[in-house]
Amino acid sequence: MKISLKSEDEYEDLLGMWSDLESALGITLSHPHHVEEFAQRIGQYDLWMLDLLRHDTDVGLYLLFQLAGNTTIGYSASHALVCAVLCHLVATDFALSKHERDTLVHAAMTMNLAMTALQDELATQKAPPSKDQLQAIHEHPEKTAAMLQSLGMSQALLLDTIRLHHRPDAQVQALEQLKPADRLSHLLQVIDRYAAMISPRQTREGRNAAESVKQTLQGVSAHDNQVGNSLVRMVGLSPPGTLVTMDDGSAAIVRKRGQIAKFPDVAIIVDHTGQSLRPPRLHRTAQGAPSIKAALSARAIQDRLNHHSILRLGV
């Protein structure tokens, strides 16, 4: 889709809507038993998300990852929303039925319900998980399924997808050969890993984005490559809104997916000498050097960026 924001107010309004969605999802996940009609609420969040993505998928991804890197909302809600968006895009790529697509997206929003507070804690914890934390992580798929059932989300395929989303994969060559619950849980498992890898909160400076994502998506089972290839097609190795270093020492923000997944459009925000560029400079990596070298955390760039201007570069 073409980037189409015409004014800074329009950018701020759209960012605010993504932020409101994340906040609402965060409240729901943190206090599920205080939410009336929990299942219907999750369905409403899905429709809200779809409405925002229809505006412009590249802009939606850009705003989503900006929000993920800078939000004050807990990591659990941010991660759930990122996973839900990625699940929707991959479901579209695989042409899943509406039933399977809806189940996958709703599972992404709720898969960690039983460990919401723990997930937020682990996101900022420097020490390795304790024995009790590891036990809670191990138990959360079954506990989440039980919680969802008590909250009115009793659809068998959804509950099975949640229960199985951390289970080792069966060695089947093609996703089409898997039973629905196995197929959806595998998609969710790989997307969960990918989302954690590219999270602006989690990314460590100097990590090679392409190699890290490749290691995350491959090597677990033969059909991991199917899901990984879909994610790269739909989102790219460095999604819009994420920060990267270039191989000439400059820093950039990914502005838009490219026709070839590893060659997105970027905006150079710091040149190779360390000088901030105002305005940033548009660079289409498909047309030549410099190339993307590594990922950066959201904290790596201290300057306040004019994201509306960045999105309008070249438009």
Side-chain angles (χ1 to χ4, degrees), residues 25 28-29 32 38-39 42-43 45-46 75-77 79-116 118-119 122 129 133-197 199 213 215-231 234:
L25 180 59
T28 299
L29 295 177
F38 181 91
I42 295 300
Y45 295 155
D46 183 9
Y75 175 77
S76 57
H79 181 72
L81 185 55
V82 169
C83 285
V85 168
L86 297 178
C87 282
H88 166 69
L89 294 174
V90 168
T92 301
D93 192 40
F94 280 112
L96 296 185
S97 68
K98 184 178 186 304
H99 176 57
E100 287 197 9
R101 179 264 169 214
D102 290 352
T103 299
L104 180 62
V105 171
H106 297 175
M109 288 186 177
T110 59
M111 62 182 165
N112 295 316
L113 186 64
M115 56 171 283
T116 297
L118 175 59
Q119 191 176 28
L122 290 170
Q133 287 173 329
L134 288 171
Q135 183 67 20
I137 293 169
H138 175 73
E139 293 174 350
H140 88 269
E142 285 291 343
K143 287 189 174 181
T144 293
M147 286 180 68
L148 290 173
Q149 194 161 20
S150 74
L151 291 163
M153 295 185 74
S154 56
Q155 183 203 85
L157 181 57
L158 173 73
L159 298 179
D160 287 343
T161 299
I162 296 286
R163 289 190 183 101
L164 298 174
H165 81 278
H166 282 303
R167 185 193 64 172
D169 294 304
Q171 295 299 309
V172 178
Q173 289 298 313
L175 283 168
E176 294 78 8
Q177 297 175 19
L178 296 172
K179 295 178 181 179
D182 292 329
R183 176 166 52 251
L184 296 188
S185 63
H186 176 73
L187 286 167
L188 187 59
Q189 182 178 118
V190 178
I191 289 167
D192 188 14
R193 293 200 306 267
Y194 174 88
M197 177 64 68
S199 167
V213 172
Q215 291 170 14
T216 301
L217 298 178
Q218 296 181 355
V220 177
S221 67
H223 49 275
D224 262 20
N225 290 351
Q226 281 185 276
V227 189
N229 289 337
S230 175
L231 280 164
M234 300 305 290

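Just so it is clear, the values below take in all heavy atoms, side chains as well, and ignore hydrogens, waters and symmetry mates.
- For the pair T144 (side chain) and P141 (backbone), a donor-acceptor distance under 3.5 Å is absent.
- Closest non-hydrogen pair, C83 versus I191, comes out as O-CG2, 3.9 Å.
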**OP:** Report the C-alpha distance between I162 and L113 in whole Å, list the side-chain angles of each, state the deciding distance to 0.1 Å, and finish with yes or no for side-chain contact (heavy atoms from CB on, under 4.5 Å).
**Re:** CA-CA 10 Å; I162 296 286; L113 186 64; over 6 Å; no
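- No donor-acceptor distance shorter than 3.5 angstrom exists from the side chain of S230 to the backbone of Q226, with no hydrogens or angles considered.
- Shortest non-hydrogen contact noted between L25 and A80 is CD2-CB, 4.0 Å.
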Q.
Show, in sequence, the C-alpha distance, side-chain angles and deciding distance for T28 and M109, and conclude whether the side-chain contact (heavy atoms from CB on, under 4.5 Å) test is met.
A. CA-CA 10 Å; T28 299; M109 288 186 177; over 6 Å; no
- Item | Chi angles and distances behind the side-chain contact (heavy atoms from CB on, under 4.5 Å) call for L96, L187 | CA-CA 11 Å; L96 296 185; L187 286 167; 4.0 Å; yes
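- For the pair Q149 (side chain) and S154 (backbone), a donor-acceptor distance under 3.5 Å is absent.
- Going from atom CD of Q133 over to atom CD1 of I137 covers 6.5 Å, rounded to the nearest 0.5 Å.
- At a threshold of 4.0 Å, the pair R101-D46 counts as salt-bridged, since one of the basic side-chain nitrogens sits closer than that to a carboxylate oxygen.
- Of all non-hydrogen atoms in L159 and M153, the two that sit nearest each other are CD2-O, 3.3 Å.
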Take R167 and D182, measure what side-chain contact (heavy atoms from CB on, under 4.5 Å) needs, and give me the verdict at the end. CA-CA 10 Å; R167 185 193 64 172; D182 292 329; 2.8 Å; yes
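- In plain terms, the two heavy atoms of L29 and S76 that are nearest each other are CD1-O, 4.5 Å.
- Note that CG of L188 is 11.5 Å distant from OG1 of T103, once rounded to the nearest 0.5 Å.
- A salt bridge is defined here as a Lys NZ or Arg NE, NH1 or NH2 lying under 4.0 Å from an Asp or Glu carboxylate O, and D160 with R163 meets this definition.
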Problem set entry | Worked verdict on H138 versus H166 for ring-ring contact (aromatic ring centres under 6.0 Å, His included) | CA-CA 9 Å; H138 175 73; H166 282 303; 9.7 Å; no
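- How far SG of C87 is from CG of D192: 8.5 Å, rounded to the nearest 0.5 Å.
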**Message:** What verdict does the side-chain hydrogen bond (donor to acceptor under 3.5 Å, both in side chains) test give for N112 and H79, after you've listed the backbone C-alpha separation in whole Å, the side-chain angles of each residue and the deciding distance to 0.1 Å?
**Reply:** CA-CA 10 Å; N112 295 316; H79 181 72; 4.7 Å; no
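- Between the CG atom in L151 and the CD1 atom in I42 there is a gap of 9.5 Å [rounded to 0.5 Å].
- Residue M234 holds its CE atom at 10.0 Å from CG of L86, rounded to the nearest 0.5 Å.
- Between H106 and L158, the shortest heavy-atom contact is C-CD1, 4.1 Å.
- Considering every non-hydrogen atom in both F38 and P32, the closest pair reads CE1-CB, 3.8 Å.
- Annotation: side chain of H140 is not in contact with side chain of Q135 (no heavy-atom distance under 4.5 Å).
- Expressed to the nearest 0.5 Å, how far CD of Q189 lies from NE2 of H165 amounts to 8.0 Å.
- Salt bridge absent: E176 and R183 never bring a charged side-chain N and a carboxylate O closer than 4.0 Å.
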